[in-house]
2 protein chains.
Amino acid sequence: MPKPTFFNLSEEKKANLLKAIKKEFSRAPYNEALISNIVKSASIARGSFYQYFEDKEDAFLFLLDEHIENNKAYFIHSLQKFNGDLFLTYIEMFHYMIMKFENQEDRAFFKNAFLNMNHKVESRFTRKFNDKDIKHFLEIKDMVRKDNLTITDEQELFHVMRILTAVTIHNLVETCAKELTIEESLKIYTKEIHLLKKGLVQEEVISSNDTNIHIN
Amino acid sequence: MPKPTFFNLSEEKKANLLKAIKKEFSRAPYNEALISNIVKSASIARGSFYQYFEDKEDAFLFLLDEHIENNKAYFIHSLQKFNGDLFLTYIEMFHYMIMKFENQEDRAFFKNAFLNMNHKVESRFTRKFNDKDIKHFLEIKDMVRKDNLTITDEQELFHVMRILTAVTIHNLVETCAKELTIEESLKIYTKEIHLLKKGLVQEEVISSNDTNIHIN
DNA sequence: ATTCTATATGACAGGATGTCATAGGTCAAC
DNA sequence: GTTGACCTATGACATCCTGTCATATAGAAT
């Protein structure tokens with residue numbers, strides 16, 4: 001988290017600084033981004049940067065969180081719009097995200113962010129399904145339409161969302177890495193969501209550790 | 001790739017250097033690992049390191065690739081052992097990987113590697129399913145038992161494997177991040193594989209972009 | 001005006017990176 | 001055994017980056 005000093009800044013100064021930070025994280029991947037460039041670009045003293053942020057990571061994650069908050073709101077909005085249909089919601093979210101890549105100003109930043117998608121970054125994106133921040137899951141779980149899902153309890157819904165999230169992020173990262181067009185990217189993603197819905201095996205005894213289900 | 005000079009080294013020198021590299025990448029996450037420490041630990045001149053490797057990443061990825069080659073062989077071996085059953089094979093692989101975390105010597109290294117699992121690193125792990133290195137997929141695809149899968153063509157098999165891989169890696173990373181025990185970790189993973197097999201929605205019209213399938 | 005508190009500054013110590021000129025070693029050829 | 005070509009080893013060095021700190025400045029409160 002940025003230090004209190006940062007939040008005390010005038011809106012103008014804050015905006016100026018954030019602009020410089022975004023510029024630097026757009027210029028180079030996280031590992032190569034430099035605080036030196038940020039302070040140069042924002043025309044502030046080096047020491048000032050450290051009055052506002054702990055370090056490079058602090059600044060990067062703050063910027064990221066701003067976008068993520070926006071996503072979370074959009075997720076809930078979509079879930080309502082689609083009457084709790086999880087799959088339509090995920091596809092809508094996916095679409096929403098890749099549309100952001102079209103914005104020239106955001107493109108480089110997102111590319112650097114997604115190609116640097118490690119556990120720390122990913123867990124920011126998926127906080128809502130993390131048990132550390134379980135309240136986000138609680139917020140969402142009742143909005144999901146469950147009557148058409150195969151889940152037998154709430155815990156399974158949790159896993160369903162984890163799976164959807166894993167596949168979604170994987171596709172988002174790939175879209176960046178391979179610079180896929182919206183069409184290519186959406187086609188692959190919807191195909192995979194479709195496979196997830198119908199299941200990977202058919203008409204057979206499926207057995208797991210603790211359950212035996214016979215579909216027919 | 002390491003430079004030719006590295007491969008010309010005597011086995012003894014190579015082993016000594018690799019040991020120092022592994023030690024450093026076990027000591028600290030990738031971003032914090034230092035070439036300075038590697039040369040100190042290997043007792044070689046700083047300049048020598050640069051005779052062998054391009055930079056830090058070069059050394060890291062080489063070390064990683066050594067482990068990954070081993071994985072690939074194990075995957076193929078398992079697929080044969082389980083008569084082409086993809087799911088058993090993935091579960092076996094998952095088990096094989098998390099068992100590695102138990103090895104005290106490897107533990108820290110894998111933890112740092114997995115928590116630094118970004119697209120570049122992941123693509124090393126999953127090369128076998130990448131279209132860039134399609135020959136690995138070709139090698140595997142004929143070994144997979146397909147009669148119990150819902151797939152209609154080879155391309156869908158590709159997506160099935162992508163999905164399984166995404167969920168698998170996601171679970172591996174989480175196992176490291178949360179320091180789960182083998183039992184906890186396997187329980188979650190098999191649960192999710194089970195969900196993938198049976199599908200997420202039930203007895204309903206499932207529609208996607210280009211197909212309509214009625215399950216009954 | 002004075003004092004107290006918060007903010008801004010940039011010089012600086014410490015330390016890491018990648019390079020390079022130089023030195024050392026090996027080996028085939030003469 | 002001398003030569004020379006080629007490969008390998010070295011560590012000093014220029015360059016640059018980070019995080020800190022003593023100091024200066026501004027603003028608010030009394």
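In what follows, chains carry the letters A, B, and so on, assigned in the order in which the sequence lines appear, proteins first and then strands, with residues in each chain numbered from 1.
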Would you call the rings of A:F114 and A:F125 parallel, tilted or perpendicular if under 30° counts as parallel and over 60° as perpendicular? tilted
Can you label the angle between the A:F53 ring and the A:F62 ring as parallel, tilted or perpendicular, going by 30° and 60°? tilted
When all nucleic acid strands are considered with a 4.0 Å heavy-atom cut-off, which category describes [X]: base, sugar-phosphate, or nothing?
X     : value
A:Y52 : sugar-phosphate
B:T5  : sugar-phosphate
B:K3  : nothing

How does protein contact run along nucleotides 19-28 of chain C, one letter per nucleotide 5' to 3', with B for base contact, S for sugar-phosphate only, - for none, heavy atoms under 4.0 Å? B---------
Using whole Å, what does the distance between atom P of nucleotide D:dA26 and atom CG of A:N8 come to? 19 Å
So which nucleotide from C:dT9, D:dG19, C:dT17 ends up closest to the side chain of B:S36?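 The listed nucleotide nearest to B:S36's side chain is C:dT17.
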From the options C:dA16, C:dT9, D:dC17, select the nucleotide whose nearest atom is closest to the side chain of A:L34.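 So the side chain of A:L34 is nearest to D:dC17.
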Determine, for A:F158 and A:K141, whether the Lys NZ or Arg CZ falls below 6.0 Å from the six-membered ring centre while staying within 45 degrees of the axis. no
Has A:K100 got its NZ or CZ under 6.0 Å from the middle of the six-membered ring of A:F110, at an angle within 45 degrees of the ring axis? no
Kindly determine whether B:K178 and B:E184 satisfy salt bridge (Lys or Arg N to Asp or Glu O under 4.0 Å), including the steps that lead there. CA-CA 11 Å; B:K178 298 192 180 160; B:E184 290 168 325; over 6 Å; no
